[in-house]
Amino acid sequence: SRYKRLRDGSIDPDNQDKYGLKVKQWEGLLKRHLAENPDFRKKPEREKPTGSAEKLPNVEHAHIEDPKIFGYLLNPDHLVGKHKAIVISSVLGYNNSNGELLRKEICNRVQNEPITLRTKTEFGYKYEVPLTLTGLLGRKLPVITVWEIGQDQMDPRFVTLSFSVS
């Protein structure tokens with residue numbers, strides 16, 4: 001869920017606590033809703049952890065579009081992505097002038113890492129792949145990358161990344 005990602009991706013303990021409470025609140029609402037509506041059931045096949053060695057399907061064709069790198073992840077003026085741009089620049093040394101290197105690092109590292117979550121959506125499948133990026137400054141940054149393979153597509157397309165607490 002959105003709040004789980006915000007909780008897990010936050011480096012601020014106050015935000016971790018705040019979003020942790022939101023997660024509990026939403027889980028309680030869901031549990032109550034399911035109890036009040038016995039015909040509704042959670043579908044465990046929609047969201048399930050995967051085997052520890054399962055790789056992103058067609059990982060050798062994984063790609064990241066320019067707007068995701070330059071318009072979002074490395075854009076300090078982007079409404080949503082600006083905080084990611086600040087962290088990526090200060091920890092890894094990537095910015096709009098060397099964003100190709102970030103694209104290459106993510107695409108190279110995703111080749112060897114297992115997926116940790118597969119979710120069926122109305123558009124296809126979303127996959128989470130945790131990575132540790134090193135960047136140009138030699139500092140490590142654990143992230144969770146999200147990839148999508150559409151119903152009529154074969155190649156994984158990068159959706160976003162969040163910062164991982166590890």
Side-chain angles (χ1 to χ4, degrees), residues 1-57 59 62 64-65 67-92 94 102 105-106 109-110 113-133 135 139-151 153 156-166:
S1 79
R2 174 179 172 217
Y3 291 116
K4 283 182 184 177
R5 285 193 312 273
L6 289 168
R7 177 196 63 199
D8 296 344
S10 180
I11 57 174
D12 178 8
D14 291 336
N15 279 339
Q16 290 171 349
D17 292 342
K18 178 174 93 174
Y19 292 123
L21 289 173
K22 281 288 194 185
V23 168
K24 287 182 182 180
Q25 181 182 25
W26 278 105
E27 286 174 345
L29 287 170
L30 177 61
K31 188 180 268 188
R32 191 171 346 132
H33 180 72
L34 291 173
E36 292 169 358
N37 298 281
D39 292 340
F40 295 153
R41 290 189 205 108
K42 288 177 96 175
K43 294 183 178 180
E45 70 274 6
R46 283 190 56 208
E47 230 177 87
K48 62 180 179 180
T50 63
S52 62
E54 188 176 349
K55 302 276 190 249
L56 186 63
V59 68
I64 306 174
E65 297 164 353
K68 289 291 185 179
I69 290 287
F70 299 103
Y72 175 61
L73 288 179
L74 297 176
N75 183 353
D77 298 320
H78 191 277
L79 186 62
V80 176
K82 64 183 167 189
H83 303 294
K84 293 178 183 182
I86 292 167
V87 171
I88 290 169
S89 176
S90 63
V91 175
L92 300 174
Y94 292 126
L102 174 61
E105 181 174 4
I106 293 172
R109 292 197 186 274
V110 77
E113 299 300 329
I115 60 176
T116 56
L117 185 69
R118 175 182 45 232
T119 306
K120 178 144 179 54
T121 70
E122 62 184 292
F123 306 109
Y125 283 93
K126 271 198 315 193
Y127 301 88
E128 289 186 4
V129 182
L131 308 173
T132 299
L133 301 176
R139 295 169 61 193
K140 295 188 181 301
L141 182 64
V143 299
I144 298 171
T145 58
V146 178
W147 302 82
E148 180 180 71
I149 299 178
Q151 290 177 355
Q153 299 171 343
R157 181 181 65 83
F158 176 83
V159 176
T160 190
L161 68 76
S162 60
F163 303 117
S164 173
V165 179
S166 61

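Because the structure is a prediction, the values reported are computed rather than measured. Heads up: numbering here begins at 1 and tracks the sequence.
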Within the structure provided, determine whether [X] and [Y] are in side-chain contact (heavy-atom separation under 4.5 Å).
| X | Y | answer |
| --- | --- | --- |
| Ser164 | Ile144 | yes |
| His78 | Lys84 | no |
| Leu141 | Leu131 | no |
| Asn75 | Phe70 | no |
| Leu73 | Ile64 | no |
| Leu21 | Asp17 | no |
| Val110 | Leu56 | yes |

Nearest heavy-atom pair of [X] and [Y]: which atoms, and what distance?
| X | Y | value |
| --- | --- | --- |
| Ala85 | Pro76 | CB-N, 3.8 Å |
| Val91 | Lys140 | CG1-O, 4.2 Å |
| Pro57 | Pro156 | O-CG, 3.1 Å |
| Val129 | Thr145 | O-OG1, 2.7 Å |
| Arg139 | Leu92 | O-CD2, 3.6 Å |

Under the side-chain contact (heavy atoms from CB on, under 4.5 Å) criterion, do Ile69 and Leu74 qualify, and how do the steps go?
CA-CA 6 Å; Ile69 290 287; Leu74 297 176; 3.8 Å; yes
Let me see the working for Glu113 and Thr132 under side-chain contact (heavy atoms from CB on, under 4.5 Å), right down to the final yes or no.
CA-CA 10 Å; Glu113 299 300 329; Thr132 299; over 6 Å; no
For Trp147 and Tyr127, I'd like to know if the aromatic rings sit close, meaning centre-to-centre distance below 6.0 Å.
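Trp147 vs Tyr127: aromatic centres not under 6.0 Å.
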Less than 6.0 angstrom from the centroid, inside 45 degrees of the normal: does Lys68 satisfy that with respect to the ring of Tyr72?
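Ring-cation test returns yes.
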Checking the side chain of Gln153 only, and the main-chain atoms of Gly150 only, is there a donor and an acceptor separated by less than 3.5 Å?
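Judged by distance alone, yes, a pair lies under 3.5 Å.
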For the atom pair [atom1] ([X]) and [atom2] ([Y]), what is the distance rounded to the nearest 0.5 Å?
| X | Y | atom1 | atom2 | result |
| --- | --- | --- | --- | --- |
| Ile115 | Lys55 | CD1 | NZ | 10.0 Å |
| Leu117 | Tyr125 | CG | OH | 12.5 Å |
| Gln25 | Lys22 | CD | NZ | 4.5 Å |

Passes salt bridge (Lys or Arg N to Asp or Glu O under 4.0 Å), Arg157 versus Glu148? Steps please.
CA-CA 5 Å; Arg157 181 181 65 83; Glu148 180 180 71; 2.6 Å; yes
Enclosure of Leu79 CG (heavy-atom neighbours >12, cutoff 6.0 Å)
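Not more than 12 within 6.0 Å, no.
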Verdict with supporting geometry, Arg118 and Glu54, side-chain contact (heavy atoms from CB on, under 4.5 Å):
CA-CA 10 Å; Arg118 175 182 45 232; Glu54 188 176 349; 2.7 Å; yes
Distance only, no hydrogens: is a donor on one side chain within 3.5 Å (strictly under) of an acceptor on the other, for Glu105 and Tyr94?
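A pair is found: one side chain offers a donor N or O, the other an acceptor, under 3.5 Å apart.
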